Amino acid sequence: MTQYEAIGRRHSVRRFQMTAIDPHIMKQINCFIQTLAPLHPQAAYRIAVVEAYNTQKHVFKGMFLVQAPYYLVLSAKDHPFAAVNAGYVMEQLVLYLVSKGFATCYLGDAKSKPDLDQYQPMIVVAFGKAAATAVKKPASRKKITELVNQPPVAQQNARKIIEAARIAPSAFNLQPWRFMMQDGKIHIFMKKESLMQTKRMKELTLLDIGIAMCHMALAAEELWLDWRLSREDTSKEPVWKGCQYVATLYYEIKSF
Ligand SMILES: Cc1cc2nc3c(=O)[nH]c(=O)nc-3n(C[C@H](O)[C@H](O)[C@H](O)COP(=O)(O)O)c2cc1C
């Protein structure tokens, strides 16, 4: 299974087998972590794997926790795009794990001990083998027409890219992403929700957008498109009432 195919297979799993992963496989996971492509090279981050298969206690404090044999903890240095970047890189890893038969669940409120340097914990993901009793019911999603400024999305490439983002996971399943289409461009917006009042909720919402951007990039790659994620010049930034502009996916058919 490719990472792109894993987009459609992934769902949050909240019951795990508390068993250790083969050290050889663990080594491969750690190697993959080194290959992750960040959105912003200046947004410094690191990912630690926490083993918990031999403990019954919760490793983290916080709400909505899930007990799992392993956790990924992404910490980042302060940067304007730290949260978007965290979602973008963590989702690459989540989809890699799903493609290899593992189950995952983001834990937005899991509080790990702050690092002693400038890196601060941003997001935790539980992972391992799903328990036989794990719920497989997919969560509901907004229709594509609710996410774009001008439905329907007739252009096939844009439709496939937005569809990949539509089914991304998000904190509280808020699905904060919105899309504005122009020729060869999909502008990505974050819906401003009342829940976003707290600093952490805004951070999680930006993280959600980073996750959706990872799905969009994988879809563009699957379509053999030349693509890049960037931002419009400040003077040309697109505007959408009630939404905040985050980034633009530029795409065109590859010329060989
Ligand atoms: C940033 C983020 C934080 C999340 N936090 C939690 C959490 O604390 N506990 C939990 O059980 N699920 C959490 N989730 C999972 C979402 O509830 C889930 O992605 C959403 O309901 C959609 O369901 P699906 O992942 O099965 O498609 C989180 C997801 C994201 C992206």
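Both ligands and their constituent atoms are indexed starting at 1 by order of listing. Excluded from the calculations below are hydrogen atoms, water molecules and symmetry mates; all remaining heavy atoms, backbone and side chain alike, are included. Here the structure is a predicted model, which means the values were calculated and not measured.
- The nearest protein atom to atom 11 (O) of ligand 1, hydrogens excluded, is given as Arg14 NE, 2.6 Å; this is a heavy-atom distance.
- Residue, atom and distance of the protein heavy atom nearest to atom 5 (N) of ligand 1 are Gly108 N, 2.9 Å.
- Inter-residue side-chain proximity for Phe102 and Ile25 is flagged as met; some heavy-atom pair is nearer than 4.5 Å.
- The protein heavy atom nearest to atom 9 (N) of ligand 1 is Phe64 O, 2.9 Å.
- Under the 6.0 Å cut-off for aromatic ring centres, Tyr71 and Phe60 qualify, their centroids lying closer than that.
- Annotation: atom 6 (C) of ligand 1 to nearest protein heavy atom, Tyr106 O, 2.9 Å.
- Contacts between Ala171 and ligand 1, counted as non-hydrogen atom pairs separated by less than 4.0 Å, involve both the backbone and the side chain.
- Proximity of Ala110 to ligand 1, defined as any heavy-atom pair under 4.0 Å, is not found for any part of the residue.
- Of all atoms in ligand 1, numbered sequentially from 1 with element shown, those under 4.0 Å from a heavy atom of Ala139 are 22 (C), 23 (O).
- Closest to atom 21 (O) of ligand 1, if we only count protein heavy atoms, is Asn173 CB, 3.4 Å.
- Contacts between Glu91 and ligand 1, counted as non-hydrogen atom pairs separated by less than 4.0 Å, are absent for every part of the residue.
- Side-chain contact between His215 and Ile211: present, with at least one pair of heavy atoms (C-beta onward) separated by less than 4.5 Å.
- In terms of polar-atom proximity, Arg141 is counted as a contact of ligand 1, with an N or O under 3.5 Å from an N or O of the ligand.
- Contact annotation for Asp208 and ligand 1: only side-chain heavy atoms (C-beta onward) come within less than 4.0 Å of the ligand.
- Here Ile211 has side-chain heavy atoms under 4.0 Å from ligand 1, and that is the only part of it that gets that close.
- Close approach to His11 involves these atoms of ligand 1, each under 4.0 Å from a residue heavy atom: 26 (O).
- No close placement of the Tyr96 and Phe127 rings is indicated, their centers lying 6.0 Å or farther apart.
- The six-membered or imidazole ring of Tyr53 lies near that of Tyr70, with a centre-to-centre distance under 6.0 Å.
- Scanning all protein heavy atoms for the shortest distance to atom 19 (O) of ligand 1 gives Pro169 CB, 3.2 Å.
- Of the protein's non-hydrogen atoms, the one nearest atom 26 (O) of ligand 1 is Ser12 N, 2.8 Å.
- Near Cys105, the atoms of ligand 1 lying under 4.0 angstrom from a non-hydrogen atom of the residue are 10 (C), 11 (O), 12 (N).
- Within the 4.5 Å cutoff, the side chain of Tyr251 has heavy atoms near those of the Asn157 side chain.
- Side-chain contact between Arg178 and Trp240 is present, with at least one heavy-atom pair separated by less than 4.5 Å.
- Val246 and Arg231 get closest at one heavy-atom pair: O-NH1, 2.8 Å.
- Counting only N and O atoms by type, the side chains of His58 and Gln67 include no donor and acceptor under 3.5 Å apart.
- At least one side-chain heavy atom of Tyr106 sits under 4.5 Å from a side-chain heavy atom of Val94.
- At the top of the distance list for atom 16 (C) of ligand 1, counting protein heavy atoms only, stands Ser170 O, 3.3 Å.
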Tell me, with the steps shown, if Tyr45 and Phe81 meet ring pair (Phe, Tyr, Trp, His ring centres under 6.0 Å). CA-CA 11 Å; Tyr45 74 94; Phe81 296 109; over 10 Å; no

